[in-house]
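Excluded from the calculations below are hydrogen atoms, water molecules and symmetry mates; all remaining heavy atoms, backbone and side chain alike, are included. Counting begins at 1 with the first residue of the sequence. What you see is a predicted model; the values in this text were computed from it and never measured.
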Amino acid sequence: HSFIHSFIPLFTFSMSNDIVFQSTTTAARLERIGAHSHIRGLGLNELLETTTTTSGTASNMIGQVAARRAMGLVWKMIQKGKIGGRSVLLAGPPSTGKTALAMGLAQELGDDVPFVNLSASQVFSLDLSKTEALTQAVRRAMGVRIVEETEIIQGEVVEIQIDSLLGNAGGGGAEKQKSTTGGLTKSGRLTLCTTEMETIYDLGAKMIDMLRSEKVSAGDVIRIDKASGKISKLGRSFSRSRDYDAVSSTTKFVQTPEGELQKRQEVVHTVSLHEIDVINSRQQGFLALFAGDTGEISQEIRNQIDAKVAEWKEEGRATLVPGVLFIDEVHMLDMECFSFLNRALESELAPVLVIATNRGVAKIRGTDYTSPHGIPLDLLDRLMIISTQPYAVDELRQILHVRCQEEEVTMEPTALELLTRIASETSLRYAIHLIVTAQLFAKKQGREKITMPDIERCFALFVDVQRSTKLLMKYQGQFMFNELNVEEEPSTGKDSKTQSATESEESKTEAMEESS
């Protein structure tokens with residue numbers, strides 16, 4: 001029997017199911033709990049001035065205006081390809097937004113520019129050697145944009161006609177492609193059109209199955225890759241936008257293509273050097289990317305790939321895309337790692353290196369030498385240093401307000417003021433942790449809004465570093481392997497300094513508890 005399939009009701013139903021599934025999945029909810037998930041960018045315009053809206057900054061970046069402008073210049077230089085092989089150091093006390101600046105830079109760069117986030121301690125915790133782990137991180141942050149030309153067929157679906165015949169009934173039909181499965185022969189025709197022409201194509205069983213799997217129906221705008229036969233649905237045609245009273249909110253409407261149905265199109269692929277390394281160094285090829293453990297990659301293979309990429313670059317088939325390698329807690333690296341980074345930055349295939357540390361003058365790991373930020377002086381000479389400053393009270397209040405919005409928490413103004421004071425006298429991270437705990441306590445009491453008693457209750461249950469130090473000094477003798485002899489009376493030197501520091505912490509904590 002010959003009939004015309006209309007998949008539109010089925011398509012609308014499946015799209016509504018997809019919406020329900022995406023809205024109820026917990027993956028997006030878990031992502032929101034991240035410490036920097038609220039960052040949308042650096043919050044700068046084209047003139048590197050801070051942008052604001054009625055509810056605050058558009059990017060949720062608060063404070064650190066000078067550091068954001070400096071990072072904005074780095075962003076502009078990366079866009080123009082003027083900063084490859086250079087390094088940026090984010091230096092400042094804890095809880096001053098160093099990682100937030102790096103995350104804002106990643107958001108501004110978008111998906112086309114590689115961004116690799118690495119903690120310095122990961123270099124020592126992997127099964128790979130230190131230099132191999134850093135080499136893979138550097139090559140993951142270096143992208144190659146490959147341009148290829150392919151022939152495609154693109155148009156609006158006018159009609160899909162499928163013929164199903166039992167056995168050899170109805171003759172051969174030599175003009176149609178056929179396939180027999182369980183005595184059932186399938187063939188069909190696909191009518192595509194543009195604004196200027198209309199053409200009918202014969203369909204085989206594989207194309208029919210692909211059309212059904214993509215849920216293609218009359219009125220859809222599709223693209224067919226002639227080389228691979230892949231079918232991609234671009235959306236619904238605007239000419240069919242009034243066919244149904246109700247459509248899915250995710251339905252995308254596009255214009256009917258113009259010109260000829262068959263055309264040549266440039267396809268751009270952005271891959272990292274590390275992905276090319278893995279594909280060419282493993283027998284399973286592309287599937288090795290999903291194995292997780294890539295293992296050691298020989299330098300010979302990397303040299304061959306670098307030579308091939310250079311050849312593609314000369315032929316105009318590929319361009320290099322220097323990405324960003326962000327290494328947090330860089331003071332955890334040792335001299336061998338710093339020497340490797342010095343050499344790697346001098347290579348032509350070097351990304352932009354952004355490192356962060358909260359150390360002052362400290363010893364370089366594995367040595368007895370002290371240096372600013374725990375970084376060797378020869379590497380410091382190659383760095384553009386961006387300094388971050390502690391947040392002001394108003395900025396702390398705005399950050400906590402943004403975090404409440406991100407966590408979908410409602411808080412009374414008095415509770416927010418108390419939380420701001422806690423953040424200014426303890427730490428910002430500690431105050432952020434109290435938001436969710438206070439919300440859970442409020443729900444336990446049958447309230448949706450966090451009040452001041454909720455903050456006070458959580459402040460009493462979870463101690464900060466200052467109060468923890470006070471308890472530690474008080475019960476030091478009862479802890480295991482304590483190095484401080486509490487039985488001796490502090491007289492001079494180190495013991496007197498410890499006692500004065502403890503008394504200072506106790507006075508701050510007592511004042512804090514009295515105010516609460």
Side-chain angles (χ1 to χ4, degrees), residues 32-78 88-109 115 117 324 326 328-330 354-360 373 383-409 411 413-436 455 464-466:
R32 294 176 62 86
I33 303 178
H36 303 94
S37 59
H38 62 282
I39 302 297
R40 306 288 186 266
L42 293 173
L44 301 173
N45 56 17
E46 292 297 327
L47 300 178
L48 300 182
E49 297 175 348
T50 57
T51 56
T52 57
T53 60
T54 56
S55 59
T57 59
S59 62
N60 288 338
M61 283 285 289
I62 309 297
Q64 307 295 345
V65 177
R68 286 160 58 190
R69 288 177 177 173
M71 190 61 78
L73 283 174
V74 175
W75 167 43
K76 294 295 183 182
M77 288 188 286
I78 292 174
V88 178
L89 171 63
L90 299 173
S95 299
T96 54
K98 298 182 293 297
T99 307
L101 287 171
M103 295 298 105
L105 176 63
Q107 293 290 334
E108 296 289 357
L109 291 175
F115 184 90
N117 191 351
V324 176
F326 174 61
D328 203 1
E329 306 293 338
V330 73
V354 179
I355 58 180
T357 180
N358 54 15
R359 293 294 192 270
H373 311 297
L383 301 177
M384 296 186 296
I385 303 177
I386 299 177
S387 178
T388 57
Q389 308 297 328
Y391 289 107
V393 176
D394 292 339
E395 295 171 347
L396 292 174
R397 185 182 298 106
Q398 295 180 45
I399 293 174
L400 294 174
H401 178 68
V402 169
R403 289 302 304 179
C404 289
Q405 291 180 337
E406 187 71 12
E407 300 286 349
E408 297 181 355
V409 173
M411 185 177 297
T414 55
L416 181 61
E417 289 299 323
L418 177 59
L419 195 63
T420 303
R421 183 174 179 183
I422 292 175
S424 63
E425 297 186 6
T426 57
S427 69
L428 177 59
R429 288 189 177 95
Y430 174 73
I432 291 177
H433 292 329
L434 293 182
I435 295 177
V436 178
I455 301 295
D464 57 282
V465 177
Q466 296 178 2

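Side-chain contact between R403 and V409: absent, with no pair of heavy atoms (C-beta onward) separated by less than 4.5 Å. Counting heavy atoms from C-beta on, the side chains of L101 and L105 never come closer than 4.5 Å. Residues V465 and T426 fail the side-chain proximity criterion, which asks for heavy atoms closer than 4.5 Å.
Rounding to the nearest 0.5 angstrom, the gap separating the CE atom in M61 from the CD1 atom in I399 is 9.0 Å. If you take CD1 on I355 and CG on L89, they are separated by 5.0 Å, rounding to the nearest 0.5 Å. Between the CG atom of L44 and the CD atom of E108 there is a distance of 7.0 Å, given to the nearest 0.5 Å. Between atom OG1 of residue T99 and atom CG of residue D328 there is a gap of 4.0 Å, rounded to the nearest 0.5 Å. Note that the OG1 atom of T388 and the CE atom of M71 stand 10.0 Å from one another [nearest 0.5 Å]. Between S424 atom OG and E395 atom CD the span is 12.5 Å, to the nearest 0.5 Å.
Here the shortest heavy-atom pairing between P93 and N358 reads C-CB, 4.3 Å. Of all heavy-atom pairs spanning Y391 and G97, the tightest one is OH-CA, 3.4 Å. Smallest separation of non-hydrogen atoms from I435 and C404: CD1-SG, 4.0 Å.
Using a cutoff of 4.0 Å between basic side-chain nitrogens and carboxylate oxygens, K76 and E46 are scored as salt-bridged.
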Under the side chain to side chain contact (heavy atoms under 4.5 Å, CB included) criterion, do L416 and I455 qualify, and how do the steps go? CA-CA 9 Å; L416 181 61; I455 301 295; over 6 Å; no
Query - Trace of the side chain to side chain contact (heavy atoms under 4.5 Å, CB included) decision for M103 with N117 - result: CA-CA 9 Å; M103 295 298 105; N117 191 351; 3.4 Å; yes
- Determine, stepwise, if the pair L419 / M411 fulfils side chain to side chain contact (heavy atoms under 4.5 Å, CB included). CA-CA 10 Å; L419 195 63; M411 185 177 297; 4.0 Å; yes
- Would you please test T96 and K98 for side chain to side chain contact (heavy atoms under 4.5 Å, CB included) and show each step? CA-CA 6 Å; T96 54; K98 298 182 293 297; 3.6 Å; yes
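Distance alone, capped at 3.5 Å, is enough to place a donor-acceptor pair between the R68 side chain and the G43 backbone. In this structure a side-chain-to-backbone donor-acceptor pair under 3.5 Å is missing from Q107 to L42. Between the side chain of Q466 and the backbone N or O of E425 there is at least one donor-acceptor pair closer than 3.5 Å. A donor-acceptor pair under 3.5 Å is absent between the side-chain atoms of R397 and the main chain of E417, judged by distance alone.
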